[in-house]
K.L.:
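Have a look at this one.
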2 protein chains.
Amino acid sequence: MRRDIFQAIADPTRRAIIVLIALQAMTPNDIAEHFDTSRQAVSKHLRILTECELVKQDQQGRNIYYSLEIDKMKEIDKWLEQFRKIWETRFNQLDDVLLTIKNNKK
Amino acid sequence: MRRDIFQAIADPTRRAIIVLIALQAMTPNDIAEHFDTSRQAVSKHLRILTECELVKQDQQGRNIYYSLEIDKMKEIDKWLEQFRKIWETRFNQLDDVLLTIKNNKK
DNA sequence: TATATGCGCAACTTTTTGGTTTCGCAAATT
DNA sequence: AATTTGCGAAACCAAAAAGTTGCGCATATA
């Protein structure tokens with residue numbers, strides 16, 4: 001089983017769950033009500049999200065509140081870093097071109 | 001078929017291909033040599049990447065050079081935006097806490 | 001022109017997923 | 001104490017994905 005963060009966000013329902021619990025903790029039943037699926041299906045998604053530590057649990061009596069481990073999202077950001085460098089470089093190159101054109105006009 | 005960018009980056013081989021062709025265009029054979037898979041398997045990955053417009057082709061004779069459509073990567077960045085807001089807010093809240101502590105000392 | 005090479009495409013096989021159903025346990029409610 | 005409710009876990013199923021094999025076509029090379 002791969003079960004890394006990229007695999008976790010591949011599924012649209014999982015992405016929706018992530019957004020949903022980003023701001024406030026919710027129980028599996030609460031979450032399921034927001035979608036067109038069963039509690040069990042949500043539960044499975046939550047397990048996957050838990051396995052890659054994207055989500056944390058907080059048990060209160062028989063209710064289990066799930067919330068987003070926001071720091072984990074930074075891993076995606078970190079991976080994007082290398083591309084951000086490239087697109088910023090390209091942008092700078094464009095700057096250079098514009099600068100050259102500008103200078104040539106003088 | 002889902003075939004969106006999140007599904008595209010879910011596969012580790014595909015992520016490796018993306019990194020590989022980010023800086024220089026390569027043919028399917030070139031790419032396959034970097035991994036422990038066949039050209040056909042790479043070809044399939046490239047097709048998926050092409051379908052979600054993450055990759056562009058440049059035919060030169062019988063060779064087809066693939067390179068990354070770097071702008072498409074910004075879509076992931078865009079999705080992350082909403083979480084970046086949250087983690088920056090949390091950071092600011094932490095700042096507030098520290099500030100409060102500091103002020104109380106006075 | 002004959003042969004070799006690079007490629008995409010389609011058919012097929014094997015894993016992996018996402019979902020449902022069913023179960024048992026623990027916490028609430030009656 | 002009996003019943004209901006919220007939950008995870010396991011067994012099962014259908015659909016999708018990843019990889020392999022075997023084409024056929026076009027472009028090089030001999």
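Since the model is a prediction, treat every value here as computed from it, not as a measurement. To find a chain, count down the sequence lines: A is the first, B the second, and so on, and within it residues start at 1.
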K.L.:
Please report the interatomic distance CD1(B:I21) to CE(B:M26), rounded to the nearest 0.5 Å.
P.N.:
9.0 Å
K.L.:
Inspect the contact between B:E75 and B:K72 and indicate whether a charged nitrogen and a carboxylate oxygen are less than 4.0 angstrom apart.
P.N.:
yes
K.L.:
For C:dC7, take OP1 and OP2 only and decide whether either is under 4.0 Å from a side-chain N or O of B:T27.
P.N.:
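Yes.
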K.L.:
Is the shortest heavy-atom distance from the side chain of A:D77 to the side chain of A:R84 under 4.5 Å?
P.N.:
yes
K.L.:
Whole Å only: how far is the CG atom of A:N29 from the C1' atom of D:dG8?
P.N.:
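In whole Å, D:dG8 C1' and A:N29 CG are 12 Å from each other.
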K.L.:
Specify the separation, in whole Å, of atom OH of B:Y66 and atom P of C:dG6.
P.N.:
15 Å
K.L.:
Side chain of A:K44, base of C:dG19: donor and acceptor closer than 3.5 Å?
P.N.:
yes
K.L.:
Taking CD from A:E51 and P from C:dG18, how many angstroms apart are they, rounded to a whole number?
P.N.:
12 Å
K.L.:
Between C:dT17 and A:H45, is there an OP1 or OP2 to side-chain N/O distance shorter than 4.0 Å?
P.N.:
no
K.L.:
Specify the separation, in whole Å, of atom CG of A:D11 and atom P of C:dT16.
P.N.:
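Rounding to the nearest Å, CG of A:D11 and P of C:dT16 are 18 Å apart.
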K.L.:
Write out all pairs satisfying side chain to side chain donor-acceptor pair (under 3.5 Å) with one or both partners inside residues 19-29 of chain B, taking only residues at least two apart or from two chains.
P.N.:
B:T27-B:D30
K.L.:
In whole angstroms, how far is the P atom of C:dT17 from the CZ atom of A:F6?
P.N.:
16 Å
K.L.:
Does D:dT21 have OP1 or OP2 under 4.0 Å away from a side-chain N or O of B:S38?
P.N.:
no
K.L.:
State the OG1-CZ distance between B:T50 and B:R3, to the nearest 0.5 angstrom.
P.N.:
11.0 Å
K.L.:
Between NZ of B:K56 and OG of B:S67, what distance do you get to the nearest 0.5 Å?
P.N.:
4.0 Å
K.L.:
Rounded to the nearest Å, what distance is computed from the CG atom of residue A:D36 to the C1' atom of nucleotide C:dT20?
P.N.:
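Distance, rounded to whole Å: 14 Å.
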K.L.:
Compare side-chain N and O positions of B:S43 against OP1 and OP2 of C:dG8 and report whether any pair is under 4.0 Å apart.
P.N.:
yes
K.L.:
Tell me: CG of A:D58 to P of D:dG6, nearest whole Å?
P.N.:
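Answer to the nearest Å: 17 Å.
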K.L.:
Send over the distance from A:E33 CD to D:dC7 P, rounded to a whole Å.
P.N.:
10 Å
K.L.:
Going by the ring-ring contact (aromatic ring centres under 6.0 Å, His included) test, which pairs reach into residues 21-78 of chain B, not counting sequence neighbours?
P.N.:
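Applying ring-ring contact (aromatic ring centres under 6.0 Å, His included) to every pair that reaches into residues 21-78 of chain B, excluding sequence neighbours, yields nothing.
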K.L.:
Determine the contact category for B:T37: base if any of its heavy atoms lies under 4.0 Å from a base atom, sugar-phosphate if only primed atoms, P, OP1 or OP2 are that close, otherwise nothing.
P.N.:
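Since no nucleic acid heavy atom lies under 4.0 Å of B:T37, the category is nothing.
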K.L.:
Regarding A:L46, tell me which of base, sugar-phosphate or nothing describes its non-hydrogen contacts under 4.0 Å with the strands shown.
P.N.:
nothing
K.L.:
For C:dG19, take OP1 and OP2 only and decide whether either is under 4.0 Å from a side-chain N or O of A:R47.
P.N.:
no
K.L.:
Which letters describe nucleotides 22-30 of chain C, given B = protein heavy atom under 4.0 Å from base, S = only from sugar-phosphate, - = neither?
P.N.:
B----BS--
